[in-house]
J.: 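Can you keep this structure in mind? I'll have questions shortly.
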Amino acid sequence: MLKIYNTLARDKQEFVPIVPGKAGMYVCGMTVYDYCHIGHARVLVVFDIVYRWLKASGYEVNYVRNITDIDDKIIKRAAENGESIHDLTARFIAAMHEDADALGVLRPDHEPRATQYVPEMLDMIARLEANGLAYRAADGDVNFAVRKFPGYGKLSGKSLEDLRAGERVEVADNKNDPLDFVLWKHAKEQEAGEVKWDSRWGKGRPGWHIECSAMGSKLLGNHFDIHGGGADLQFPHHENEIAQSEGAMLHEQGGGGAFVNYWIHNGFVNVDKEKMSKSLGNFFTIRDVLKKYDAEVLRFFILRAHYRSPLNYSDAHLDDAKGALTRLYTALKSVPSSPALLPAGEGSQPPSPLGGGVRGGGTPMDWNTPHAARFKAAMDDDFNTPEAVAVLFELANEVNRSQSVEAAAQLRSLACVLGLLQRDPPEFLQGDVNIQLTGDSTKGEVGSVSDDVSVGLTGVDAKGYVEALILERTAAKNAKNYAEADRIRKVLLDAGIVLEDTLQGTTWRRA
RNA sequence: GGCGAGAUAGCAAAAUGGUUAUGCAGCGGAUUGCAAAUCCGCCUAUCCCAGUUCGAUUCUGGGUCUCGCCUCCA
C-alpha cells in the first residue's frame, strides 16, 4: 500500500487513485531560457522515481511535465541574445532533454509547451471571468481576484491576512488587491509579434500560473491524482493553480471540487546550506557537473537523500556517492555470469510488484523475498529511496559473500526500479579513461608501449595502453620481478588507474 | 513580522517507545608476493531543559540554533 506525503494534508496518506489502476500526474517542469542546474536535476529525478514506482506498482500512469516556453525571462534573454524566442527555447529544450536523458530520467507521456495551449488558457480565463473571479484592469491586464475565491491559501497554509501583513513593497497599481495575480498580460508596443496572441481582452500573452491549470485540465482532466514540483512552487504558483482550476469549475459538477488529490513537493538542493538558485548565483548546471562526475553518480547522490529533505551539494558529497556506487558495481562485477541487462533509458520497464512487469528476458520480480519486500515497503512509504538504497547495499554484501547469481540478479532488478545499476560494471568502473602521463613515469623500462607516451591519452588509446601495461606487469609478476610489477602499478595509479589482481587475472578500474 | 520544515555518530543519511540502519572515513583481523577488492569484527549518535512512561533519540511542552516560503524561482 503506497503512502504519499500530501502537502495539502500535511501528512502521509494512502494513495487511492480516482480511477482504479490508473494514475494521472502533473509536474511543473522547466522554464527554458538557460541550462538546467542541479536543483532542476533533483525535480527531474525525484518525479522520475514517483513515475517509475507507480508503474512498478502496476498503475497505468499518465505523466505530464510541462515546458514553460513563454515568459518574461525568456523574452528578456532572447532580446539580450539577439535571437528569436523560438530559437532560444528550442535550444534549451534540447539541452534539457540531453541532461534528463543522461540522468536516466524517463520521458513523460506528455510534455506540453505553454505556447501550444493558449486557446485552452483563454477559455479558462473566460470561465473565470464568467464566474466573477477575473477582472480586466485599467492597463489591459486580466487579473485573478484572489479574495473572491474561498479557500485561497489551503495548500500553503497561508491566510490572506498574514500575506497582507508580510507583504513586501511594489504593489502593482493595476491590481484591485495586492494579492491578485495576472492571468493575461496585455501586449506592449515594443515586444515582438512572436509573443502576442489575440484574445477578447486584446493582444497579449498568458500569465505564468494559468498554463499549468489549462494544460493539466486538458491532458489529465479537471480532477486528477498527483501534482508535483519544487517546494518553492507551493506558494504562490500551486496555490494559484488551485484557485484557477477550481475557480473555473465553480459552477460545474455541483460546485466544482478538488483539482488535485495529492500534492508532492521536493526539497531544495543547497550549497553551503543555502538554496541553490539563479538569483543567488550559487548554482551548478547539470552539464558542468557531468564533466566531472558520472551521471549515474549524480542520480545516485540525489536518491541517497529523501526527496523532501534538503540536499547539500558539494564535491565531497559527490565523491562519497561515487565511492558508494562503486561498491555496488563492484559487487555485480564479481559475479561471473551477470543476468541479462536491460537497455538503459526508454525501454526499461521496472518490474511490477503485481507481477505484470517483466525484465528483458528475465523472470518477474518476486516481491516476497526478504530484500524485495523491504525494498517495496520503503518505496511504499512515501518513496523512501535512502532506505531502498540501503537494501541494495545489503544485497551487495550478500552477493559478495555468496557470489550468488540470483542475488546479483535481484540487486540489479531492484536497482532498475530506481534507474540505477543498468550498465555493464566495467563501463561504470572504468569510465571514460583519460590518462595523462608525463616525465619519469613513462621512461624506459616499461617497454615498447610506453616509450613515446608523453601526452594525454583518451578512450580506446588509453584503454589499450592500460591493457598493454597490465600484460607487461603480468609478465613481470610471472618472472617474480615484483619490483617491476609494483613500478608499473604505481605508474598506472599515478594516472588514476587502480589494478586488482584476481583469480581470473588482473582487472582495472579508475580510482 | 506571519507561516512552515528541521537539528542523528568524523562526514552523509534512514528508521524506531526497549532489540544491527546503510554508505564513506577510521581501527583490528582474514586474504594478497605487496596491494586493491572482498569478508569478519570494532569504534563514534540521537541540540538543550522539563514532562508522560517500567523505559524516549522517538510522544508532549519550553528553549536554542539552522533552513525555507511570504517576490521570479525546481
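Remember, it's a predicted structure, so these values are computed and weren't measured experimentally. To find a chain, count down the sequence lines: A is the first, B the second, and so on, and within it residues start at 1.
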J.: In terms of side-chain geometry, is the basic nitrogen of A/Lys76 or A/Glu80 positioned less than 4.0 Å from the acidic oxygen of its partner?
T.: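 Salt bridge present between A/Lys76 and A/Glu80.
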
J.: Is the closest basic N to carboxylate O distance between A/Lys158 and A/Asp162 below 4.0 Å?
T.: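 The answer is no: the pair does not qualify as a salt bridge.
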
J.: Does A/Phe92 have its ring centroid less than 6.0 Å away from the ring centroid of A/Tyr33?
T.: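 Distance test on ring centres: not under 6.0 Å, no.
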
J.: Taking the P atom in each of B/rC47 and B/rG10, what is the distance between them to the nearest angstrom?
T.: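 B/rC47 and B/rG10 have their P atoms separated by 13 Å.
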
J.: Need one value for A/Arg473: base, sugar-phosphate or nothing, where a base atom within 4.0 Å counts as base even if backbone is also close, heavy atoms only.
T.: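 It contacts base atoms.
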
J.: Let me know, please, whether A/Asn312 or A/Arg401 comes out on the 5' side of the other along RNA chain B by nearest nucleotide.
T.: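 In this pair, the answer is A/Asn312.
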
J.: Which pair of non-hydrogen atoms, one from A/Met1 and one from A/Glu14, has the smallest distance, and what is that distance?
T.: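 Nearest heavy atoms, A/Met1 then A/Glu14: SD-CD, 3.0 Å.
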
J.: Between atom CD in A/Glu398 and atom P in B/rU20, what is the gap in whole Å?
T.: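 That distance rounds to 19 Å.
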
J.: Determine the contact category for A/Gly39: base if any of its heavy atoms lies under 4.0 Å from a base atom, sugar-phosphate if only primed atoms, P, OP1 or OP2 are that close, otherwise nothing.
T.: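 Contact class for A/Gly39: base.
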
J.: What's the closest nucleotide to the side chain of A/Asp162 if the choices are B/rU22, B/rG33, B/rG2?
T.: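 So the nucleotide nearest the side chain must be B/rG2.
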
J.: For B/rA15 versus B/rU57, give the span between their C1' atoms, rounded off to a whole number of Å.
T.: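 Rounded to whole Å, the distance is 11 Å.
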
J.: Does a distance-only test, which skips hydrogens and angles, find a donor-acceptor pair under 3.5 Å between the side chain of A/Asp501 and the base of B/rC34?
T.: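 Side chain to base: pair found, below 3.5 Å.
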
J.: Quick one: closest heavy-atom pair of A/Met215 and A/Tyr26, and the distance?
T.: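 Smallest interatomic distance, heavy atoms only, reads CE-OH, 3.8 Å.
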
J.: Do NZ/NE/NH1/NH2 and the carboxylate oxygens of A/Glu296 and A/Arg299 come within less than 4.0 Å?
T.: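 Salt bridge flag = no for A/Arg299 with A/Glu296.
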
J.: Classify the nucleic acid contact of A/Ala231 as base, sugar-phosphate or nothing, counting any heavy atom under 4.0 Å across all strands shown.
T.: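 Touches nothing.
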
J.: Does A/Ser309 have a side-chain nitrogen or oxygen under 4.0 Å from the phosphate oxygens OP1 or OP2 of B/rA14?
T.: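 Yes, A/Ser309 has a side-chain N/O under 4.0 Å of OP1/OP2 on B/rA14.
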
J.: Considering every strand and a 4.0 Å limit on heavy-atom distances, what is the contact class for A/Gly267: base, sugar-phosphate, or nothing?
T.: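 Here A/Gly267 touches the bases of the nucleic acid.
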
J.: Using a cut-off of 4.0 Å on non-hydrogen atoms, how would the nucleic acid contact of A/Phe393 be classed: base, sugar-phosphate, or nothing?
T.: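 Sugar-phosphate, no base atom in range.
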
J.: Pick the P atom in B/rA7 and in B/rU16, then give their distance to the nearest Å.
T.: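 That atom pair is separated by 13 Å.
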
J.: Looking at A/Arg509, does any N or O in its side chain come under 4.0 Å of the phosphate oxygens OP1/OP2 on B/rA37?
T.: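 Answer is yes, contact under 4.0 Å.
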
J.: Which part of the nucleic acid, if any, lies within contact of A/Val391, taking any heavy atom under 4.0 Å across all strands shown: a base, the sugar-phosphate backbone alone, or nothing?
T.: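 It contacts nothing in the nucleic acid.
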
J.: Over how many whole Å does the gap from A/Glu161 atom CD to B/rC70 atom P extend?
T.: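 Taking atom P of B/rC70 as the reference, CD of A/Glu161 is at 19 Å.
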
J.: Taking OP1 and OP2 of B/rC39, is either one under 4.0 Å from a side-chain nitrogen or oxygen of A/Arg327?
T.: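 A/Arg327 to B/rC39 OP1/OP2: side-chain N or O found under 4.0 Å.
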
J.: Roughly how many Å apart are B/rC24 and B/rA13, using the C1' atom of each and rounding to a whole number?
T.: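 To the nearest whole Å, 11 Å.
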
J.: Rounded off to whole Å, could you give me the OH-to-P distance for the A/Tyr35 and B/rA74 pair?
T.: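 Nearest whole value for this atom pair: 17 Å.
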
J.: Salt bridge check, A/Asp72 against A/Lys185: does any charged N sit closer than 4.0 Å to a carboxylate O?
T.: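 Looking at A/Asp72 together with A/Lys185, the answer is yes, because their closest N to O distance falls below 4.0 Å.
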
J.: Determine the Euclidean distance between corresponding P atoms of B/rU32 and B/rC11; express it in Å to zero decimal places.
T.: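 Going atom to atom, P in each nucleotide, I get 37 Å.
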
J.: How many Å lie between CG on A/Leu318 and C1' on B/rA25, as a whole number?
T.: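 Rounded to the whole Å, the gap is 17 Å.
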
J.: Checking only heavy atoms, does the side chain of A/Lys275 share a donor-acceptor pair with the base of B/rC67 at less than 3.5 Å?
T.: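 No such pair is found, so the answer is no.
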
J.: Salt bridge or not between A/Asp34 and A/Lys73? Use side-chain N to carboxylate O under 4.0 Å.
T.: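 Looking at A/Lys73 together with A/Asp34, the answer is no, because their closest N to O distance does not fall below 4.0 Å.
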
J.: Output the single nucleotide from B/rC3, B/rA12, B/rA74 whose closest atom is nearest the side chain of A/His317.
T.: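 The answer is B/rA12.
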
J.: Within this structure, what is the CG-to-P distance between A/Leu414 and B/rU22, rounded to whole angstrom?
T.: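 It works out to 17 Å between those atoms.
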
J.: Please confirm whether the shortest side-chain N or O distance from A/Lys273 to OP1 or OP2 of B/rG6 is below 4.0 Å.
T.: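 Indeed not, no polar side-chain atom of A/Lys273 lies that close.
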
J.: Applying a 4.0 Å non-hydrogen cut-off, can you work out what A/Lys477 is touching in the nucleic acid: base, sugar-phosphate, or nothing?
T.: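 A/Lys477: base contact, heavy atoms under 4.0 Å.
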
J.: Considering every strand and a 4.0 Å limit on heavy-atom distances, what is the contact class for A/His37: base, sugar-phosphate, or nothing?
T.: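 Base, at least one base atom sits under 4.0 Å.
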
J.: Thinking salt bridges, do A/Asp319 and A/Lys322 make one under a 4.0 Å N-O criterion?
T.: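 Salt bridge flag = no for A/Lys322 with A/Asp319.
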
J.: Under the 3.5 Å rule, do the base of B/rA12 and the side chain of A/Arg304 count as making a donor-acceptor pair?
T.: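 It does not, because no donor-acceptor pair links the side chain of A/Arg304 to the base of B/rA12 below 3.5 Å.
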
J.: What would the secondary structure line of RNA chain B be in dot-bracket form, counting Watson-Crick and G-U wobble pairs under 3.5 Å, with [ ] for pairs that cross earlier ones and | for pairs with another strand?
T.: (((((((..(((.....[...))).(((((.......)))))....(((((..]....))))))))))))....

J.: Expressed as a whole number of Å, how far does the P atom of B/rA37 sit from that of B/rG26?
T.: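 Result for the P pair: 10 Å, nearest Å.
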
J.: Which part of the nucleic acid does A/Glu500 contact within heavy-atom distance under 4.0 Å: base, sugar-phosphate only, or nothing?
T.: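 The residue A/Glu500 makes base contact.
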
J.: Between A/Asn397 and B/rC40, does any side-chain N or O lie under 4.0 Å from OP1 or OP2?
T.: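 Yes, because at least one side-chain N or O of A/Asn397 sits under 4.0 Å from OP1 or OP2 of B/rC40.
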
J.: Using heavy-atom distances to pick each residue's nearest nucleotide on RNA chain B, tell me which of A/Ala324 and A/Leu233 is more 5'.
T.: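 Whichever sits nearer the 5' end wins; that is A/Ala324.
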
J.: Between B/rA50 and B/rC43, how far apart are the two P atoms, rounded to whole Å?
T.: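 So the two P atoms sit 29 Å from each other.
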
J.: Only one of A/Val46, A/Asn384, A/Val45 clears side-chain contact (heavy atoms from CB on, under 4.5 Å) with A/Tyr307; which?
T.: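 Testing A/Tyr307 for a side-chain contact (heavy atoms from CB on, under 4.5 Å) against A/Val46, A/Asn384, A/Val45 leaves exactly one candidate, A/Val46.
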
J.: Considering only heavy atoms and no angle criterion, is a donor-acceptor pair shorter than 3.5 Å present between the side chain of A/Asp232 and the base of B/rG68?
T.: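 Looking at the base of B/rG68, it does not pair with any donor or acceptor on the side chain of A/Asp232 (distance under 3.5 Å).
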
J.: Give me the distance, rounded to whole Å, that separates B/rG6 from B/rG41 when you measure between the C1' atoms they each carry.
T.: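 That atom pair is separated by 35 Å.
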
J.: If only side-chain N and O atoms of A/Asn400 are considered, is one of them under 4.0 Å from the OP1 or OP2 phosphate oxygen of B/rC39?
T.: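 Checking A/Asn400 against B/rC39: at least one side-chain N or O falls below 4.0 Å of OP1 or OP2.
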
J.: Rounded to the nearest angstrom, tell me the gap between atom CG in A/Leu155 and atom P in B/rG4.
T.: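 Rounded to whole Å, this separation is 14 Å.
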
J.: Atom CD1 of A/Ile488 to atom P of B/rG33: distance rounded to whole Å?
T.: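 Value for this atom pair: 18 Å.
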
J.: Nearest whole angstrom, please: distance from the P of B/rA25 to the CG of A/Asp320.
T.: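 Checked: the CG to P distance equals 8 Å.
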
J.: With the threshold set at 4.0 Å, does a side-chain nitrogen-carboxylate oxygen contact exist between A/Lys333 and A/Glu500?
T.: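 Looking at A/Glu500 together with A/Lys333, the answer is yes, because their closest N to O distance falls below 4.0 Å.
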
J.: Side-chain N or O of A/Asn384 less than 4.0 angstrom from OP1 or OP2 on B/rA15?
T.: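 A/Asn384 to B/rA15 OP1/OP2: side-chain N or O found under 4.0 Å.
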
